[in-house]
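Below: the structure, in structure tokens.
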Number of protein chains: 2
Amino acid sequence: MADNQRMRISAKADYAVRAALELASVSDDASLKAEAIAAAQGIPHKFLEGILGDLRRGGLVVSQRGGKGGYRLARPADTIAIADVIRVADGPLVSVRGVRPPELSYVGPAESLLPLWIAVRANVRKILGEVTLADVATAELPDEVQDLAEDPEAWTNP
Amino acid sequence: MADNQRMRISAKADYAVRAALELASVSDDASLKAEAIAAAQGIPHKFLEGILGDLRRGGLVVSQRGGKGGYRLARPADTIAIADVIRVADGPLVSVRGVRPPELSYVGPAESLLPLWIAVRANVRKILGEVTLADVATAELPDEVQDLAEDPEAWTNP
DNA sequence: ATGTTTCCCTAGTAAATCGATAGGAAAACT
DNA sequence: AGTTTTCCTATCGATTTACTAGGGAAACAT
């Protein structure tokens with residue numbers, strides 16, 4: 001026991017963000033074909049098609065069919081947060097036992113668990129909600145995020 | 001699509017923390033039976049037994065069989081972090097696509113994703129690693145966590 | 001000793017989720 | 001027409017999740 005992983009970013013969310021970053025890295029009116037994104041990021045092509053469909057239905061990208069078709073971002077890359085992409089591809093950022101924190105109810109000594117989960121969620125949101133596709137694509141993360149990532153202890157395993 | 005949840009606390013992790021909190025709420029040398037914890041927190045009894053076994057193998061609780069048996073914490077409640085309990089019951093706190101962040105490799109405009117995941121992980125660790133069973137059981141969360149949880153916006157859904 | 005209580009261990013299981021793949025229909029362009 | 005590319009539905013095997021079942025092994029009481 002104790003070898004699976006909680007609080008994980010799924011392959012789907014990871015792929016979605018990477019696809020969006022490819023789109024963010026080309027000039028504004030240009031578009032990329034699914035196949036090109038798949039090749040650039042090493043993502044299974046048909047799987048990626050489904051993900052791009054989610055992003056389109058979520059209003060983050062627009063698509064065009066045919067010979068010079070493809071996908072492009074629906075808004076400027078500096079107005080799309082990483083959290084937006086993850087939520088559209090994969091649902092709520094944080095949940096406990098399948099439900100979002102505000103729906104939980106705890107009794108006895110566990111009563112303060114709810115504010116704790118809320119705090120964790122707020123903290124995750126704070127990062128993923130303020131970092132945009134443009135930030136990551138240009139490798140210019142906000143200072144506070146940079147600082148967190150530069151702490152060597154953050155890279156050690158447990 | 002887009003209705004499952006990423007970065008979720010599993011039922012098992014949630015139950016494990018709640019069970020540990022029940023143990024934290026009784027006097028130091030007293031012990032609780034699995035059945036009593038199950039009843040107090042509304043956790044399926046046999047399922048909880050397995051979880052308590054994990055906590056024991058992880059060195060967080062000690063057990064005693066027989067008539068006046070039960071479980072108690074192996075260390076004082078203010079020396080056990082919530083992160084300890086989750087990791088013992090459920091494995092690493094944060095992972096991306098099944099692997100821990102330092103093992104990932106990204107190319108092109110996705111290169112800065114790695115420091116971003118690291119920053120998220122560091123942030124989650126910071127909270128769950130500093131809040132102890134004693135803090136939650138006595139409803140006295142550290143100030144910074146309290147502050148995060150008090151922001152009304154933290155309670156709104158997306 | 002005997003019986004009761006409680007933890008401990010292994011196995012199983014139904015349902016959901018994950019990470020894909022397959023096959024083709026519907027647009028857009030040449 | 002013919003080509004390209006998106007779009008849609010369906011399926012799939014493997015794993016994980018959240019449990020349940022059944023009994024063995026200590027500890028204690030009588």
Side-chain angles (χ1 to χ4, degrees), chain A residues 1-16 18-19 23 30-39 41-58 61-72 74 86 89-92 95-99, chain B residues 1-16 18-19 23 30-39 41-58 61-72 74 86 89-92 95-99:
Chain A
M1 263 183 185
D3 212 66
N4 50 344
Q5 356 258 349
R6 286 324 44 180
M7 302 194 87
R8 58 176 268 175
I9 305 284
S10 65
K12 201 170 168 191
D14 186 55
Y15 291 163
R18 285 158 60 193
L23 294 175
S31 68
L32 288 178
K33 303 184 206 304
E35 183 55 46
I37 300 173
Q41 286 293 325
I43 302 172
H45 168 235
K46 281 299 225 173
F47 193 36
L48 178 61
E49 272 194 2
I51 292 166
L52 287 167
D54 290 337
L55 296 184
R56 180 181 49 83
R57 278 184 290 275
V61 308
V62 294
S63 60
Q64 170 88 6
R65 302 197 233 205
K68 36 185 48 169
Y71 296 88
R72 56 182 220 282
I86 296 180
D90 225 31
S95 72
V96 181
R97 252 156 64 233
V99 310
Chain B
M1 264 180 186
D3 211 67
N4 51 343
Q5 358 256 352
R6 286 322 47 178
M7 301 193 88
R8 59 174 269 174
I9 305 284
S10 66
K12 199 171 169 190
D14 186 55
Y15 291 164
R18 285 157 60 192
L23 294 174
S31 67
L32 288 179
K33 303 183 205 304
E35 183 55 47
I37 300 173
Q41 286 294 325
I43 303 172
H45 168 234
K46 282 299 224 174
F47 193 36
L48 178 62
E49 272 195 359
I51 292 166
L52 288 167
D54 289 338
L55 296 184
R56 179 180 49 83
R57 278 183 289 276
V61 308
V62 293
S63 61
Q64 169 89 5
R65 302 196 231 204
K68 35 186 50 171
Y71 296 88
R72 57 183 218 281
I86 296 180
D90 226 28
S95 73
V96 180
R97 250 158 63 235
V99 310

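Naming: A, B, ... by sequence-line order, numbering from 1 per chain. Note that the coordinates shown come from a computational prediction; the quantities given were computed from them, not determined experimentally.
- For the side-chain contact (heavy atoms from CB on, under 4.5 Å) test, no residue two or more places apart in sequence or in another chain qualifies with A:Arg65.
- Considering only residues two or more places apart in sequence or on other chains, B:Tyr71 meets the ring pair (Phe, Tyr, Trp, His ring centres under 6.0 Å) condition with none of them.
- At least one side-chain heavy atom of A:Lys12 sits under 4.5 Å from a side-chain heavy atom of A:Asp54.
- If you take CG on A:Asp14 and CD1 on A:Ile51, they are separated by 9.0 Å, rounding to the nearest 0.5 Å.
- For the pair A:Tyr15 OH and C:dG19 P, the interatomic distance rounds to 8 Å; values are reported in whole Å.
- Place B:Gly70 and A:Pro44 on DNA chain C by their nearest nucleotides, and B:Gly70 ends up nearer the 5' end.
- A donor-acceptor pair is defined here as one N or O able to donate and one able to accept, closer than 3.5 Å; no such pair exists between the side chain of B:Lys33 and the backbone of B:Lys68.
- Taking 4.0 angstrom as the limit, B:Arg56 places a side-chain polar atom (N or O) nearer than this to OP1 or OP2 of C:dC8.
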Filtered N/O pairs between nucleotides 28-30 of chain D and protein, under 3.5 Å:
from   : atom 1 : to      : atom 2 : distance (Å)
D:dC28 : OP1    : B:Gln64 : NE2    : 3.1

Identify all pairs in which a protein N or O lies below 3.5 Å from an N or O of nucleotides 11-15 of chain D, and state each distance.
none

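- Rounding to whole angstrom units, NE2 of residue B:His45 and C1' of D:dC19 are separated by 13 Å.
- Among the protein residues, A:Lys46 comes within range of the nucleic acid bases, having at least one heavy atom under 4.0 Å from a base atom.
- In this structure, CG of B:Asp54 is placed 12 Å from C1' of C:dC9, rounded to the nearest angstrom.
- Contacts of A:Glu35 classified as salt bridge (Lys or Arg N to Asp or Glu O under 4.0 Å), with partners at least two apart in sequence or in another chain: none.
- Considering only side-chain N and O atoms, A:Ser63 lies nowhere under 4.0 angstrom from the phosphate OP1 or OP2 of D:dT5.
- Inter-residue side-chain proximity for A:Arg97 and B:Ile9 is flagged as unmet; no heavy-atom pair is nearer than 4.5 Å.
- Spacing between atom NZ of B:Lys12 and atom P of D:dC19 amounts to 12 Å, rounded to whole angstrom units.
- Between the CZ atom of A:Arg57 and the P atom of D:dT6 there is a distance of 14 Å, given to the nearest Å.
- Per the geometry, CG belonging to B:Leu48 stands 14 Å off P belonging to D:dA18, to the nearest Å.
- If you take CZ of A:Phe47 and C1' of D:dT6, they are 18 Å apart, rounded to a whole angstrom.
- Not one side-chain nitrogen or oxygen of B:Arg8 sits closer than 4.0 Å to the OP1 or OP2 atom of D:dT16.
- The side-chain contact (heavy atoms from CB on, under 4.5 Å) search around B:Gln64 returns none, not counting sequence neighbours.
- The interatomic distance linking A:Glu49 (CD) with D:dA10 (P) rounds to 17 Å, in whole Å.
- By the 4.5 Å heavy-atom criterion applied to side chains, B:Glu49 and B:Leu52 are not counted as neighbours.
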